[in-house]
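Shown next, in structure tokens, is the structure this report addresses.
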Amino acid sequence: MAGETIVMETYDVAVIGAGIHGAGVAQAVAAGGHSVLVFEQNGIASGTSSRSSKLIHGGLRYLESRQIGLVRECLNERRLLLRLAPELVRLVPFFIPIYHQTRRRPWQLHIGLSLYRWLSGDPSGRYGTVPRSRWPDLDGITTSGLESVFRYHDAQTDDAALTRAVVQAAQELGADLRVPARFSSVELEPHGCLIEYQENGQTQCCRAAVLVNAAGPAVNQILGRCLPQPAPEAIELVQGTHIVLDAPFRQGCYYIEAPHDGRAVFVMPWQSDRLLIGTTEVGIPEGAEPTPTEAEIAYLQETASHYFPALGACAVSEAFAGARVLPAGDGHAFGRPRDTRLVTDREDKPRMLTIYGGKLTAYRITAEKVMAQIAPSLPERDAVADTRTMPLRPAGG
Ligand SMILES: Cc1cc2nc3c(=O)[nH]c(=O)nc-3n(C[C@H](O)[C@H](O)[C@H](O)COP(=O)(O)OP(=O)(O)OC[C@H]3O[C@@H](n4cnc5c(N)ncnc54)[C@H](O)[C@@H]3O)c2cc1C
């Protein structure tokens with residue numbers, strides 16, 4: 001309109017999504033002394049980042065698909081998070097029972113756990129076997145056909161609480177969070193982005209040097225709203241369901257092998273007197289909301305009660321599902337790479353970066369890699385903090 005001045009906010013970086021990746025990127029950008037705005041359409045951690053297995057781990061099973069670099073990197077991040085967020089991330093004992101019919105044999109477990117310990121760089125992270133005389137203490141595990149039980153340590157968290165803590169840390173460094181605010185579109189200009197979003201029923205605009213697409217399973221839908229449109233990666237969404245039972249386990253987490261297909265399933269103490277059991281792997285179409293199916297719930301119940309017969313009598317009090325973003329490919333989702341892929345709209349001075357896939361555990365190092373890729377597009381600023389040494393407190397604490 002003639003004569004009207006539109007004041008448009010300008011940021012160094014804008015981020016779509018306040019899941020763990022959006023939160024981590026906001027923290028890293030703000031720590032680097034840059035201005036950052038985060039849009040979240042629903043709530044902090046309302047997507048996959050509240051529906052994970054809640055483990056801060058290297059991923060013992062990824063050794064089977066030889067993802068050694070990923071396991072080492074995640075174990076390194078586990079060590080950091082145990083130090084930086086002791087109220088949110090804690091080590092717990094894990095048990096792996098081996099029966100006559102278990103596909104993974106004791107010698108394989110010895111190799112895997114030795115390698116896992118070596119990759120963790122922590123010589124005190126010993127593993128061992130539970131003496132037969134202690135088997136009756138193992139939360140009612142069936143001992144018929146049991147050959148041995150391995151014990152090692154890994155870490156558990158509350159994924160949504162961790163995400164909120166990282167958002168809080170970013171806000172303390174000056175990050176601007178808009179919730180609920182929905183990203184609508186972006187125009188990629190020669191030297192930055194013109195972004196449109198919806199907030200309070202109104203269309204708003206802002207500018208940023210770089211837009212980071214951390215929309216989780218919606219990443220490719222976001223790319224469809226960019227002008228010009230960057231080429232989307234071919235992905236598959238794979239749903240993972242967990243069930244919650246009102247049953248307390250005393251000793252720790254169990255890593256069991258589903259009797260039907262040999263997949264690894266976790267049975268984990270959750271919120272002091274409950275059990276979290278997961279997960280499954282079921283392909284879903286892009287854009288679909290992950291929703292637990294009856295077949296997945298039955299599969300998890302049957303798997304858990306096969307090893308812990310008393311659980312057969314426990315009702316499922318809750319079930320939830322999240323979607324993994326995996327590279328499209330042949331074969332079972334189990335063996336597909338689980339590392340994060342960062343894709344920019346152009347090599348030199350990117351205006352947009354998209355985060356595909358990834359691990360809750362690796363969010364901080366992922367954010368560091370994002371910063372390294374977008375740095376050429378950002379103005380020079382003095383860093384104000386270092387995410388390798390910044391403590392994380394529960395939000396509101
Ligand atoms: C079943 C399952 C179990 C897992 N277990 C583990 C585990 O134990 N340990 C581990 O390390 N990793 C685990 N992972 C991986 C980990 O959970 C994910 O990598 C991580 O949570 C993904 O976070 P994200 O921020 O990329 O996505 P999300 O958490 O999905 O966040 C994306 C956000 O973007 C928002 N958004 C989308 N579109 C828009 C828009 N237009 N405008 C504004 N906001 C928008 C969404 O509302 C959402 O909040 C698991 C994953 C699954 C599926």
Side-chain angles (χ1 to χ4, degrees), residues 14-26 37-62 70-71 73-75 77-78 81 89 154-160 162-163 166-167 177-186 195-199 211-225 237-242 253 265-266 268 276 278-282 284 287 289-290 292 296 300 320-326 333 338-342 354-367 370:
V15 180
I16 307 167
I20 194 67
H21 284 136
V25 170
L37 168 69
V38 182
F39 315 103
E40 168 52 53
Q41 61 183 0
N42 295 322
I44 297 171
S46 55
T48 322
S49 299
S50 56
R51 306 181 205 175
S52 78
S53 300
K54 303 166 201 313
L55 295 176
I56 297 297
H57 64 161
L60 185 58
R61 72 190 178 98
Y62 301 135
L70 173 71
V71 175
E73 183 171 82
C74 286
L75 286 170
E77 290 302 302
R78 182 188 77 175
L81 283 172
V89 180
D154 232 330
Q156 243 188 327
T157 190
D158 175 332
D159 47 4
L162 179 66
T163 307
V166 179
V167 168
L177 173 73
R178 304 283 167 84
V179 187
R182 184 177 167 79
F183 162 86
S184 332
S185 65
V186 62
I195 300 160
E196 209 175 84
Y197 61 100
Q198 303 291 320
E199 192 180 18
L211 177 64
V212 175
N213 175 5
V219 275
N220 277 352
Q221 288 164 264
I222 297 291
L223 293 183
R225 295 189 222 132
L237 297 188
V238 177
Q239 161 171 314
T241 285
H242 288 85
C253 301
V265 169
F266 292 111
M268 302 165 283
L276 182 64
T279 178
T280 54
E281 281 167 326
V282 176
I284 55 169
E289 178 62 24
E296 288 177 292
L300 293 172
F320 59 86
R324 292 192 159 87
V325 180
L326 299 183
R338 297 297 167 108
D339 40 5
T340 321
R341 292 167 324 286
L342 306 178
T354 297
I355 302 176
Y356 285 98
K359 304 285 299 166
L360 182 78
T361 307
Y363 82 86
R364 197 206 59 82
I365 187 80
T366 297
V370 168

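Residue indices begin at 1 and follow the sequence shown. Atoms within a ligand are numbered from 1 in the order they appear, just like the ligands themselves.
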Note, [X] side chain near [Y] side chain (heavy atom, < 4.5 Å):
{"X": "Val166", "Y": "Arg364", "value": "no"}
{"X": "Phe266", "Y": "Gln156", "value": "no"}
{"X": "Thr163", "Y": "Ser50", "value": "no"}
{"X": "Val212", "Y": "Ile16", "value": "no"}
{"X": "Met268", "Y": "Leu55", "value": "yes"}
{"X": "Ile44", "Y": "Leu177", "value": "yes"}
{"X": "Ile20", "Y": "Asp159", "value": "no"}

Note the single closest protein heavy atom to [atom], along with its residue, its atom name and the distance in Å.
{"atom": "atom 9 (N) of ligand 1", "answer": "Leu55 O, 2.7 Å"}
{"atom": "atom 42 (N) of ligand 1", "answer": "Phe183 N, 3.0 Å"}
{"atom": "atom 47 (O) of ligand 1", "answer": "Glu40 OE2, 2.7 Å"}
{"atom": "atom 19 (O) of ligand 1", "answer": "Gly358 O, 2.7 Å"}
{"atom": "atom 5 (N) of ligand 1", "answer": "Ser53 N, 2.9 Å"}
{"atom": "atom 31 (O) of ligand 1", "answer": "Gly19 CA, 3.5 Å"}
{"atom": "atom 14 (N) of ligand 1", "answer": "Ser52 CB, 4.0 Å"}
{"atom": "atom 34 (O) of ligand 1", "answer": "Gly17 CA, 3.2 Å"}

| query | Who's closest to atom 21 (O) of ligand 1 heavy-atom-wise, of Gly278, Gly43, Ser49? | reply | Ser49
| message | Counting only heavy atoms, tell me which of Ala218, Ala18, Gly240 gets closest to atom 1 (C) of ligand 1. | response | Gly240
Quick check: does [X] get an N/O under 3.5 Å from an N/O on ligand 1?
{"X": "Leu360", "answer": "yes"}
{"X": "Thr361", "answer": "yes"}
{"X": "His21", "answer": "yes"}
{"X": "Ala45", "answer": "no"}
{"X": "His242", "answer": "no"}
{"X": "Ile16", "answer": "no"}
{"X": "Arg51", "answer": "no"}

| field | Working for side-chain contact (heavy atoms from CB on, under 4.5 Å), residues Ile56 and Glu77 | value | CA-CA 8 Å; Ile56 297 297; Glu77 290 302 302; over 6 Å; no
| Who passes side chain to side chain donor-acceptor pair (under 3.5 Å) against Arg225, sequence neighbours left out? |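 Scan of Arg225 (side chain to side chain donor-acceptor pair (under 3.5 Å), adjacent residues dropped) gives none.
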For [X] versus [Y], what's the shortest heavy-atom pair and its separation?
{"X": "Thr280", "Y": "Thr241", "value": "OG1-N, 2.9 Å"}
{"X": "Val38", "Y": "Ala18", "value": "CG1-CB, 4.1 Å"}
{"X": "Gly59", "Y": "Val71", "value": "O-CG2, 3.7 Å"}

Ligand-side contact atoms (ligand 1) for residue partner [X], heavy atom cut-off under 4.0 Å:
{"X": "Ser46", "result": "47 (O), 49 (O)"}
{"X": "Gly322", "result": "53 (C)"}
{"X": "Ala215", "result": "32 (C), 34 (O), 37 (C), 38 (N)"}
{"X": "Asn42", "result": "47 (O)"}
{"X": "Phe39", "result": "43 (C), 44 (N)"}
{"X": "Gly47", "result": "29 (O), 30 (O), 49 (O)"}
{"X": "Pro217", "result": "30 (O)"}

| task | Evaluate the side-chain contact (heavy atoms from CB on, under 4.5 Å) criterion for residues Leu70 and Lys359: first the C-alpha distance (whole Å), next the side-chain angles of each, then the deciding distance (0.1 Å), finally the verdict. | result | CA-CA 10 Å; Leu70 173 71; Lys359 304 285 299 166; 4.3 Å; yes
Does [X] have a non-hydrogen atom less than 4.0 Å from ligand 1?
{"X": "Ala181", "result": "yes"}
{"X": "Gln239", "result": "no"}
{"X": "Arg225", "result": "yes"}
{"X": "Thr279", "result": "yes"}

Applying a heavy-atom cut-off of 4.0 Å, say which part of [X] lies close to ligand 1: side chain, backbone, both or neither.
{"X": "Ile222", "result": "side chain"}
{"X": "Ala323", "result": "backbone"}
{"X": "Lys54", "result": "backbone"}
{"X": "Ala214", "result": "backbone"}

| message | Evaluate Leu342 against Ile355 for side-chain contact (heavy atoms from CB on, under 4.5 Å), listing each step before the verdict. | response | CA-CA 5 Å; Leu342 306 178; Ile355 302 176; 3.9 Å; yes
| request: First locate atom CZ of Arg182, then atom CD of Glu199, and finally report the distance between them rounded to the nearest 0.5 Å. | output: 14.0 Å
| query | If only atom types and distance count, is the side chain of Arg51 paired as donor or acceptor with the main-chain N or O of Ala321 below 3.5 Å? | reply |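 Judged by distance alone, yes, a pair lies under 3.5 Å.
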| field | Ring centroid separation Phe320 to His242 under 6.0 Å | value | yes
| request: List the steps, then state whether side-chain contact (heavy atoms from CB on, under 4.5 Å) holds for Leu60 with Asp154. | output: CA-CA 10 Å; Leu60 185 58; Asp154 232 330; 5.6 Å; no
